There are 2 protein chains.
Amino acid sequence: METPAPAALPKYYVLKEQILTLIEDAVPGTLIPTERALAEQYGTSRTTVRQAIGELVSEGRLDRTQGRGTFVAPPKVTHVRQLTSFTDDAASQGMTASARILDVSEVPADPVTARRLAVEPGAVVHRVERIRLVNGEPLAHETAFLAGELPGLAGNVEVRGSLYSALREDYGIRISEVEDTVETKLAGPDEVRLLAVEMGAPMLLVHRLGLDPDGRPVEWTESVFRGDRFRFVARMHV
Amino acid sequence: METPAPAALPKYYVLKEQILTLIEDAVPGTLIPTERALAEQYGTSRTTVRQAIGELVSEGRLDRTQGRGTFVAPPKVTHVRQLTSFTDDAASQGMTASARILDVSEVPADPVTARRLAVEPGAVVHRVERIRLVNGEPLAHETAFLAGELPGLAGNVEVRGSLYSALREDYGIRISEVEDTVETKLAGPDEVRLLAVEMGAPMLLVHRLGLDPDGRPVEWTESVFRGDRFRFVARMHV
DNA sequence: TGGATAAATTGGTTTATACCAATAGTCCGA
DNA sequence: TCGGACTATTGGTATAAACCAATTTATCCA
């Protein structure tokens, strides 16, 4: 043998790029061939087809539903954080943002939360758990912990529609500095249930610590965003 | 049947959590049993074991090498961006940051780069492609495009060891505002080759636009970070 | 005509198997 | 003693097959 090392790209990866060329000009929502059809068409096994499609789903290029089929996905949503709120952001891009409240309660702070909020472990803090939606589609699962006295928080968040609005308008709490941490995470059963993503899909895990003008920690929030639909933007002065 | 719906968690997910309990107290570098051994031990197939291990590798909990075995991975590196440079950041955490320069050249700007840097398409811009390393381990693949006259850039970047230092010290260019965009991406052949990650591993794709004090775009950079080793931190005033 | 039921379709999970490729260890010969 | 070939081990890729689960479509009956 004279030329023994050709390319060695995995077969599923080649197939993935072939499927990409099939869908790059298709309108979102278009149905693609079934896995069994693609396997036969490209002379491969369904396992390999599923691996290729699986990555395209993770990258937000395809959506699939058991019993229905696999479809071309809409493009990513861009979200600009900073001054603007989640709601204003979406509006500026011609989309409607909303939130579904799962829980508003008072709980004893676990050690991690207590340290972040600078309260004693076990001290009572407010807990706000929500699903954030854009155009009716679930985009993130968010759990916020808040220190301090906030009577009637549940009702106020409900009325204002925004946690930040309620803090500012109803309690005079202003957040002037935030620290965001972003890392990757894979979807587990919770995300599958709440955000309609697939097991193992890449997610963006965001932690936010909000400080008031005096530098006191006020808000500690953990958010899990769909990695296939979301883009995180931070603008800052050096 | 009275209770037909028990739990329905995928078998590989249950196994994944079992493996997690095995390794959570182990020192980094510890060798875990072989895939074939785990399959027999837990009464499942090697395919299922590989699916479980694959996610743990994606999450940065395990490292594996063909022919050697699978090992407990070291914890994530935290990186604070903003005022501090990549180099200073690492130093503050007791680690050593370095960069391997792959290419410093002048190229005609492609349409996207030209628009970001506000130059005409095809205008010559500087291109700096590097691998960023922490403690000798590759962490990110970064390609920066710079507008303007920068004679001797290659040598200066080499000497300074930092692109930002060279811009500031050698050309008097200061970046006073940046916009970072963070999203997820799956590792392709390039990342596998340059960053020693697995095909399909989740990565953080970061785009940075740097502006000088007059608001003129100076730097346009695309970075691909290992999602299993990296955490992105942004601190900002509202 | 409307609605319940059955069948077909399509993606989801798991197993078993075979072979490839990289590594580490062993053994043998110069 | 060193160097290289061989072998065993371990992860990497791919196939075929079977069965489950959600959805859609077709069918049949009241």
Side-chain angles (χ1 to χ4, degrees), chain A residues 1 4-16 18-19 29-58 61-73 187-189 192-193 196-201, chain B residues 1 4-16 18-19 29-58 61-73 187-189 192-193 196-201:
Chain A
M1 299 221 195
L9 274 185
K11 198 169 186 177
Y12 86 88
Y13 189 81
V14 176
L15 176 60
K16 176 181 167 185
Q18 289 173 316
I19 296 176
T30 305
L31 183 66
I32 74 169
T34 69
E35 297 175 351
R36 290 168 175 89
L38 285 170
E40 188 177 13
Q41 182 176 340
Y42 286 95
T44 183
S45 68
R46 193 179 151 217
T47 313
T48 303
V49 171
R50 276 187 64 78
Q51 190 169 3
I53 289 179
E55 290 205 356
L56 291 170
V57 170
S58 288
R61 306 300 300 259
L62 294 175
D63 287 331
R64 60 181 170 186
T65 314
Q66 181 176 156
R68 278 167 48 80
T70 305
F71 308 85
V72 178
V192 170
R193 182 167 44 86
V197 295
E198 299 193 353
M199 286 289 294
Chain B
M1 300 219 199
L9 275 184
K11 197 169 186 176
Y12 84 87
Y13 189 81
V14 176
L15 177 59
K16 175 181 165 185
Q18 289 174 316
I19 296 177
T30 304
L31 182 66
I32 72 167
T34 70
E35 296 175 351
R36 289 168 176 90
L38 286 170
E40 187 178 13
Q41 181 175 341
Y42 286 95
T44 183
S45 68
R46 194 179 151 215
T47 312
T48 303
V49 172
R50 276 188 64 79
Q51 190 169 4
I53 290 180
E55 290 205 357
L56 291 170
V57 170
S58 287
R61 306 300 301 261
L62 293 175
D63 288 331
R64 58 181 171 187
T65 314
Q66 182 176 155
R68 278 166 47 80
T70 305
F71 308 85
V72 177
V192 170
R193 183 166 45 85
V197 295
E198 298 193 354
M199 285 290 294

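Scope of the values below: all heavy atoms of this structure, side chains included, with no hydrogens, waters or symmetry mates. From a predicted model like this one, the values you see are computed outputs, not experimental measurements. First the proteins, then the strands, lettered A, B, ... as listed; each starts at 1.
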Send over the distance from A/F71 CZ to D/dA22 C1', rounded to a whole Å. 12 Å
Could you state the CG-C1' distance from A/L9 to D/dG12, rounded to the nearest angstrom? 14 Å
For A/D63 and C/dG12, what is the distance between atoms CG and P respectively, to the nearest whole Å? 11 Å
When the distance from CD of B/E40 to C1' of C/dA16 is rounded to whole Å, what number comes out? 14 Å
For C/dA24, does OP1 or OP2 lie under 4.0 Å from any side-chain N or O of B/R68? yes
Determine, for A/E55 against A/R61, whether the closest basic-nitrogen to carboxylate-oxygen distance falls under 4.0 angstrom. no
A/P10, nearest nucleotide to its side chain (from D/dT13, C/dT10, D/dG12): D/dT13
If each of A/Q66 and A/S45 is mapped to the nucleotide of DNA chain D with the nearest heavy atom, which maps nearer the 5' terminus, i.e. the 5' end? A/S45
Nearest listed nucleotide, side chain of B/E35, among D/dA16, D/dG12, C/dG12: D/dG12
For D/dG12, does OP1 or OP2 lie under 4.0 Å from any side-chain N or O of B/R64? yes
Between D/dA14 atom C1' and A/Y13 atom OH, what is the distance in whole Å? 19 Å
Using a cut-off of less than 4.0 Å, is there contact between a side-chain N or O of B/T48 and OP1 or OP2 of C/dT15? yes
Value in whole Å for how far the C1' atom of D/dA18 lies from CZ of A/R46: 11 Å
Measure the OG1-CD distance between A/T65 and A/E198 for me, rounded to the nearest 0.5 Å. 9.0 Å
Residue B/T34, side-chain atoms from C-beta onward, closest of D/dG11, D/dT15, D/dG12: D/dG11
Counting only side-chain heavy atoms from C-beta out, which of D/dA22, C/dT14, D/dA14 sits nearest to B/K11? C/dT14
Using the closest heavy atom to pick a nucleotide of DNA chain C for each, name whichever of A/G67 or A/T47 lands nearer the 5' end. A/G67
Contacts of B/T70 and A/T65 projected onto DNA chain D by closest heavy atom; the upstream (5') one is B/T70
